[in-house]
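Remarks on the structure that follows.
On a predicted model such as this, the values are computed, not experimentally measured, just so you know. One-based numbering, in listed order, for ligands and for the atoms of each. Because only heavy atoms are used, hydrogens play no part in the values below, and waters and symmetry mates are left out as well, while side chains stay in. Positions are given from 1 along the sequence.
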Amino acid sequence: MGMLEGKVALITGAANGQGAEEARRFAAEGAALVLTDIDEGNGRRIADGIAAAGHRAVFVRHDVAEEADWREAIDRAVSGFGGLHILINNAGVVPRRTLQDTGRGDWDRTLAVNLTGPMIGMQLAAPVIRDSGGGSIVNVSSVAGLMAHYDAAYTASKWALRGLTKTAAVEYAPWGIRVNSIHPGQIEGTALFGSASPELAKSLRASIPMERAGTPRECADLALFLASDASSFITGAEIPVDGGYAAGSTMWMRQQLKSRLTDG
Ligand SMILES: NC(=O)c1ccc[n+]([C@@H]2O[C@H](COP(=O)([O-])OP(=O)(O)OC[C@H]3O[C@@H](n4cnc5c(N)ncnc54)[C@H](O)[C@@H]3O)[C@@H](O)[C@H]2O)c1
């Protein structure tokens, strides 16, 4: 028996990076999948590949900032697979702008995708998950939702998503729905990671106690755990997947500096 046998999952931002890996991982564990993204080419390719391997997956073009798109995606879960148990709010954008350089356009779009999208998704999906017998929602925040980050709009959106997760966890507990946030650090093999300059990526990596970036697979494993009944008493939690960055990047860098100064 797979960990998600008999479950129906909707994953946003599933065309690339972590979302695509979660799709493959969840399918292998028995879930039927509605995969959504604004990137139709890659989204259909991922869904077709999963279906060709004998699993159940459909792709729906879905901008998470658009309520009508949400309704269509959730309807596809119900009409195609008979209900919905798992929502992974994974889609995200990063404008990479300082507070001083953040224009209203960047601000509004980042909050619309990273925060309002998950909010609409939870509002519309939660009653359906309740009526399907309960389930799990995973909100993909970031270490930028736990500490300061260069990007003002991104940081604000990911902190807010972390807070919204806690409210949702309490509100939806009576409906049998658990809600948790995950906080990736540097995750290689994603467009988001690739959008950082090589200098920024190198300096960020130097502050990770485990001395490496993470992989989409490591994020998918955490999302799978939280989506499955293996985490049946966990709700309202915030879990970093970051090689120790949030726990102790300052201490780590201080140690490195100290040993360099001592060597010198
Ligand atoms: N990669 C990292 O280092 C990192 C670190 C911390 C947090 N995260 C978070 O992880 C999540 C997944 O990102 P990723 O790392 O896989 O990066 P990615 O850029 O490879 O994937 C993001 C996906 O979201 C989709 N998307 C963007 N806007 C959308 C919209 N309006 N509607 C629907 N889909 C949309 C993109 O098309 C893409 O497929 C994001 O929420 C991101 O903020 C990533």
Inset, instruction - Look only at interatomic distance and state if Ile187 has a nitrogen or oxygen under 3.5 Å from any nitrogen or oxygen of ligand 1. - result: yes
Inset, instruction - Go through ligand 1 atom by atom and flag the ones less than 4.0 Å from a non-hydrogen atom of His62. - result: 32 (N), 33 (C)
Inset, instruction - Identify the protein heavy atom lying closest to atom 39 (O) of ligand 1, giving its residue, its atom name and the separation to 0.1 Å. - result: Asp37 OD2, 2.6 Å
Inset, instruction - Identify the heavy atoms of Ile11 and Ala14 that sit nearest to each other, and give their distance. - result: O-CB, 3.6 Å
Legend entry - Mode of Arg109 contact toward ligand 1 - side chain, backbone, both, neither (heavy atoms, under 4.0 Å): side chain
Legend entry - Per-atom contacts, ligand 1 versus Ser141 - under 4.0 Å to a heavy atom: 7 (C), 9 (C)
Inset, instruction - Please identify which atoms of ligand 1 are closer than 4.0 Å to at least one heavy atom of Val140. - result: 9 (C), 10 (O), 11 (C), 41 (O)
Inset, instruction - For the residue pair Thr165 and Asn139, confirm or rule out a side-chain donor-acceptor distance under 3.5 Å. - result: yes
Inset, instruction - On the 0 to 90° scale, with breaks at 30° and 60°, tag the His62-Trp70 ring pair as parallel, tilted or perpendicular. - result: perpendicular
Inset, instruction - Determine, step by step, whether Lys202 and Glu199 satisfy the salt bridge (Lys or Arg N to Asp or Glu O under 4.0 Å) criterion, reporting the C-alpha distance in whole Å, the side-chain angles of both residues, the deciding distance to 0.1 Å, and the verdict. - result: CA-CA 5 Å; Lys202 196 172 166 196; Glu199 296 77 22; over 6 Å; no
Inset, instruction - Please state which part of Val93 comes within less than 4.0 Å of ligand 1, counting heavy atoms only: side chain, backbone, both or neither. - result: side chain
Legend entry - CD on Gln123 to OG1 on Thr116, rounded to 0.5 Å: 10.5 Å
Inset, instruction - Distance to 0.1 Å, residue and atom name: give those for the protein heavy atom nearest to atom 6 (C) of ligand 1. - result: Pro184 O, 3.2 Å
Inset, instruction - Report, as yes or no, whether the 6.0 Å neighbourhood of atom CE on Met253 holds more than 12 heavy atoms from other residues, nucleotides or ligands. - result: yes
Inset, instruction - Select the closest option to atom 23 (C) of ligand 1 among Ala73, Gly13, Gly194, Ala20, judged by heavy-atom distance. - result: Gly13
Inset, instruction - Give the residue and atom name of whichever protein heavy atom lies nearest to atom 34 (N) of ligand 1, and the separation in Å to one decimal. - result: Ala91 CB, 3.5 Å
Inset, instruction - Indicate yes or no: does an N/O atom of Ser142 lie under 3.5 Å from an N/O atom of ligand 1? - result: no
Inset, instruction - Examine Asp63 against ligand 1 and note whether any of their N/O atoms are separated by less than 3.5 Å. - result: yes
Inset, instruction - Report the part of Ala213 (side chain from C-beta onward, or backbone N, CA, C, O) that has a heavy atom under 4.0 Å from ligand 1; answer both or neither where that applies. - result: neither
Inset, instruction - Using a strict 4.0 Å cut-off to heavy atoms of Asn90, name the atoms of ligand 1 that fall inside it. - result: 11 (C), 12 (C), 40 (C), 41 (O)
Inset, instruction - Return the residue, atom name and 0.1 Å-rounded distance of the protein heavy atom closest to atom 1 (N) of ligand 1. - result: Thr190 OG1, 2.8 Å
Inset, instruction - Find out if a path of hydrophobic residues (ILVMFWY) with successive side-chain heavy-atom gaps under 4.5 Å connects Leu84 to Phe26. - result: no
Legend entry - Asp242 and Arg212 ion-paired at < 4.0 Å: no
Inset, instruction - Report yes or no: do Arg96 and Ser195 form a side-chain donor-acceptor pair below 3.5 Å? - result: yes
Give the table of side-chain donor-acceptor pairs shorter than 3.5 Å for residues 40-58, with sequence neighbours excluded, one pair per line with atom names and distance.
| unit_1 | atom_1 | unit_2 | atom_2 | d |
| --- | --- | --- | --- | --- |
| Glu40 | OE1 | Arg44 | NH2 | 3.1 |
| Asn42 | OD1 | Arg45 | NE | 3.3 |
| Asn42 | OD1 | Arg45 | NH2 | 3.0 |
| Asn42 | ND2 | Asn16 | OD1 | 3.0 |
| Asn42 | ND2 | Asp39 | OD2 | 3.1 |
| His55 | ND1 | Ala27 | O | 3.4 |

Inset, instruction - Determine, using the 4.5 Å side-chain heavy-atom cutoff (strictly less than), whether Ile177 and Ile120 are members of one ILVMFWY cluster. - result: yes
Legend entry - Joint hydrophobic cluster, Val179 plus Val138, side-chain heavy atoms closer than 4.5 Å: no
Legend entry - Region of Lys158 that comes within reach of ligand 1 [heavy atoms, distance under 4.0 Å]: side chain
Inset, instruction - Considering heavy atoms of the protein only, find what lies nearest to atom 17 (O) of ligand 1 and give residue, atom and distance to 0.1 Å. - result: Leu192 CB, 3.4 Å
Inset, instruction - Kindly confirm or rule out an N or O of Ala191 lying under 3.5 angstrom from an N or O of ligand 1. - result: yes
Inset, instruction - Look at ligand 1 and say whether Thr12 reaches it with a heavy atom at a distance under 4.0 Å. - result: no
Inset, instruction - Identify, for atom 8 (N) of ligand 1, the protein heavy atom at the shortest distance, and state residue, atom and that distance. - result: Tyr154 OH, 3.5 Å
Inset, instruction - Check whether any N or O atom of Val64, backbone or side chain, sits under 3.5 Å from an N or O atom of ligand 1, and answer yes or no. - result: yes
Legend entry - Gap between atom CG of Asp221 and atom CD1 of Ile182 - 0.5 Å precision: 10.5 Å
Legend entry - Asn16, any N or O under 3.5 Å of ligand 1 N or O: yes
Legend entry - atom 10 (O) of ligand 1 [closest protein heavy-atom partner, distance rounded to 0.1 Å]: Gln18 NE2, 3.0 Å
Inset, instruction - May I ask you to check if ligand 1 and Val113 share an N or O to N or O distance below 3.5 Å? - result: no
Legend entry - Selected option - heavy-atom contact closest to atom 22 (C) of ligand 1, from Gly92, Gly17, Gly145: Gly92
Inset, instruction - Could you tell me whether Arg178 and Asp229 make a salt bridge, using a distance below 4.0 angstrom between a side-chain N and a carboxylate O? - result: no
Legend entry - Salt-bridge present (Glu238, Lys166; N to O < 4.0 Å): yes
Legend entry - Identity and distance of the protein heavy atom lying nearest atom 5 (C) of ligand 1: Gly185 O, 2.8 Å
